[in-house]
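Each ligand, and each atom within it, is numbered from 1 in the order the structure gives. In what follows, residues are counted from 1 in the order of the sequence shown.
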Amino acid sequence: MKNTLIAATLAVAGATSVDAQEIGVYPAGSGPSMLASAENFTGHVVVSPLLPSTVDTPSASGLVSFAPSARTAWHTHPAGQMLIVTAGKGWVQREGEARQEIAAGDTVWIPAEVKHWHGATDVTAMSHIAITYVRDGKNADWMELVTDGQYADR
Ligand code: MN
């Protein structure tokens with residue numbers, strides 16, 4: 001148990017993996033929730049770490065909650081990302097394509113190196129679990145923010 005907080009902190013950093021050989025139960029609140037950085041997110045976004053990354057399956061995982069109109073910046077993932085929508089309704093958009101609506105219960109796969117953003121709709125909050133795979137110690141390459149104009153253009 002005493003390793004839980006350390007492990008959760010490592011999960012946030014995303015750069016270090018633990019060599020997990022036992023089943024680990026990480027209770028809700030094992031790692032501190034934090035506000036997402038305004039550098040990579042627009043609006044009010046809370047990130048709660050879930051599991052530490054492991055050596056065999058390097059990944060960052062967290063529960064991410066977006067207020068209405070809150071969203072990620074444009075970004076890519078070097079090894080892909082799975083989103084499991086746990087509450088509300090939101091949008092995911094690949095650059096150059098129409099956005100898609102996502103709702104509680106939906107699972108989304110974002111392939112490696114695909115430029116995209118995800119977030120809440122303008123009138124509904126949205127929460128998803130994000131499992132983001134790590135390659136060469138990195139799980140995302142962050143780009144420019146999604147402007148209000150881009151967000152409104154649908
Ligand atoms: Mn993503």
Thr72 side chain to His118 backbone, donor-acceptor under 3.5 Å: yes

Atoms listed for the Mn ion (ligand 1) (protein only, N, O or S, under 2.8 Å, no waters) are His75 NE2, His77 NE2, Gln81 OE1, His116 NE2, His118 NE2

Please give me the minimum heavy-atom distance between Ala130 and Leu83, naming the atom from each residue. CB-CD2, 3.7 Å

Within a strict 4.5 Å, meaning less than it, do heavy atoms of the Pro68 and Thr121 side chains meet? no

Measure the spacing between OH of Tyr151 and OG1 of Thr42 and express it to the nearest 0.5 Å. 10.0 Å

Classify the angle between the aromatic ring planes of Trp74 and Trp117 as parallel (below 30°), tilted (30 to 60°) or perpendicular (above 60°). perpendicular

For the backbone of Ser37 and the side chain of Asn40, can you confirm whether one donor and one acceptor N or O come within less than 3.5 Å of each other? no

